[in-house]
Amino acid sequence: MSEEEGKSLTKTQYESLEDLPGVGPSTAQKLRELGFHTVESLAMATVRELEPAGISEKKALAIINAARSSVGISFIRADELLRMRQNVLRLTTGSKALDKLLDGGLETQTITEFYGEYGSGKSQICHQLCVNVQLPPERGGLNGAALYIDTENTFRTERIVQMAKHLGLDPGNVVKNIIYAEAYTSDHQMFLLENADEVIKENNVKLIIIDSLTAHFRSEYLGREMLATRQQKLNKHMHKLIRLARAFNAVAVVTNQVMAKPDMFFGDAISPVGGHVVGHTSHTRIYLRKASHGPLRIARLVSSPYLPEGEEVFKITENGIEDVSEEDRAKPGGR
Ligand code: GTP
Ligand code: MG
């Protein structure tokens, strides 16, 4: 391999905002107020997003370009693209069957959406992932922390403790590595994510959860005339999430409710909230439903960039998300 092949096109490394050319203390301050706390987040910004900082378009572009060169995401050769793709890591769900459905687990750098009705297990999976992400790679984890944005006040530390104990982890340490925020409104939810980059970097966050992505939006933006605004905001929110996932090589998970579609005659009569915006930005969508009464749940991979559709069964127990046994399948309601 020649020397040129062996090194990235990236030349300069900037650590903090003030290191970027043309960024003095006051510009840095304004950028932080806009939610850009790290060079990584600026690398993913658009010129328009920096407008409110009161800097010229030209300067904004220069700052973004410098940040991009620093984190290595300007023009890159296909071999580097491949290398970026090779950086994708996988996080275990806790169930081998579910992991198989996802070709090894949830991917970093993309958004995975779990949707389904009340009690289908969306929040339970989120809890489990918060624990699993702290495992070492040989156990399917990412040796990282989790960030949990909770919109319905359903996060329970007690549940984390149960799951951590089952995996032989120190519950005290596990809860310390989950950074929690409750979002009171959709605007608050957006604000939290827009200001999350520093917390993500400082705590080595490798999993970002929004549970639920759509609940606030759905209840605040009612009626046809509000639909366009709602979709625009959701779009912005999702894009912020994907940029964070890419910048920090983290797994991003969102949950979503379903709504009935009475005018549909064929196929599933229910569909996830959020329409095309959520559908197009979620790279992997998983539909969860109850098998019947009891702990069994069915996960269906509905869309993925490269995996085939498929279904697997798992169960929710005291221990968390687990595989079903042959015995479970034989019970009434089993599959
Ligand atoms: P919504 O947020 O209401 O839309 O539902 P969800 O999909 O988030 O449901 P969630 O993940 O909260 O699932 C709740 C279900 O998980 C309960 O009905 C129980 O069946 C199961 N569950 C939750 N905690 C425990 C537990 O500690 N032990 C056991 N065995 N099951 C549990
Ligand atoms: Mg829930």
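First listed ligand is number 1; within each ligand, the first listed atom is number 1. Numbers for residues simply follow the sequence, beginning at 1.
Between D99 and T92, the side chains place a donor N or O and an acceptor N or O closer than 3.5 Å (distance only, hydrogens not considered). With hydrogens and angles left out, the side-chain atoms of Q109 and N249 include a donor and acceptor closer than 3.5 Å. No side-chain N or O of Q189 forms a donor-acceptor pair with one of T151 less than 3.5 Å apart. Remark: the Q29 side chain and the R32 side chain contain no N/O donor-acceptor pair separated by less than 3.5 Å. Counted by atom type alone, S186 and E220 present one or more donor-acceptor pairs between their side chains at under 3.5 Å. Side-chain contact annotation: Q257 with S212, donor-acceptor N/O pair under 3.5 Å present.
The protein heavy atom nearest to atom 21 (C) of ligand 1 is I316 CG2, 3.8 Å. In terms of protein heavy-atom proximity, atom 5 (O) of ligand 1 is closest to G119 N, 2.9 Å. Among all non-hydrogen protein atoms, the one lying nearest atom 1 (P) of ligand 1 is K122 NZ, 3.7 Å. Considering only non-hydrogen protein atoms, atom 11 (O) of ligand 1 sits nearest to Q124 N, 2.8 Å. The single protein non-hydrogen atom nearest to atom 3 (O) of ligand 1 is Y118 CD1, 3.0 Å, given as residue, atom name and distance. Regarding atom 28 (N) of ligand 1, its nearest protein heavy-atom neighbour is E318 OE2, 3.1 Å.
Remark: ligand 1 and S123 share an N or O pair separated by less than 3.5 Å (distance only, no angle test). By the 3.5 Å distance cut-off applied to N or O atoms, G121 is counted among the residues near ligand 1.
Residue D197 comes nearest to E194 through the heavy atom pair OD1-O, 4.5 Å, listed as atom of the first residue, atom of the second, then distance.
If you look at H127 and Y148, their ring centroids are closer than 6.0 Å.
Atom 17 (C) of ligand 1 has its nearest heavy-atom neighbour, among M163, K315, R297, K290, in R297. Between the choices Q162, R159, H127, the shortest heavy-atom distance to atom 24 (N) of ligand 1 belongs to R159.
Ionic pairing of R297 and E311 is not present here: no N-O contact between side-chain nitrogen and carboxylate oxygen is shorter than 4.0 angstrom.
Follow the hydrophobic side-chain contacts under 4.5 Å out from V205 and you never reach L169; the two are in separate clusters.
The atoms of ligand 1 that sit less than 4.0 Å from any heavy atom of T317 are 28 (N), 29 (C), 30 (N). Each of the following atoms of ligand 1 lies closer than 4.0 Å to a heavy atom of E117: 7 (O).
Among the atoms of S123, an N, O or S atom falls under 2.8 Å of the Mg ion (ligand 2).
In this structure, G116 falls outside the shell of residues with a heavy atom less than 4.0 angstrom from ligand 1. Taking 4.0 Å as the cut-off, P295 does not count as a neighbour of ligand 1 on heavy-atom distance.
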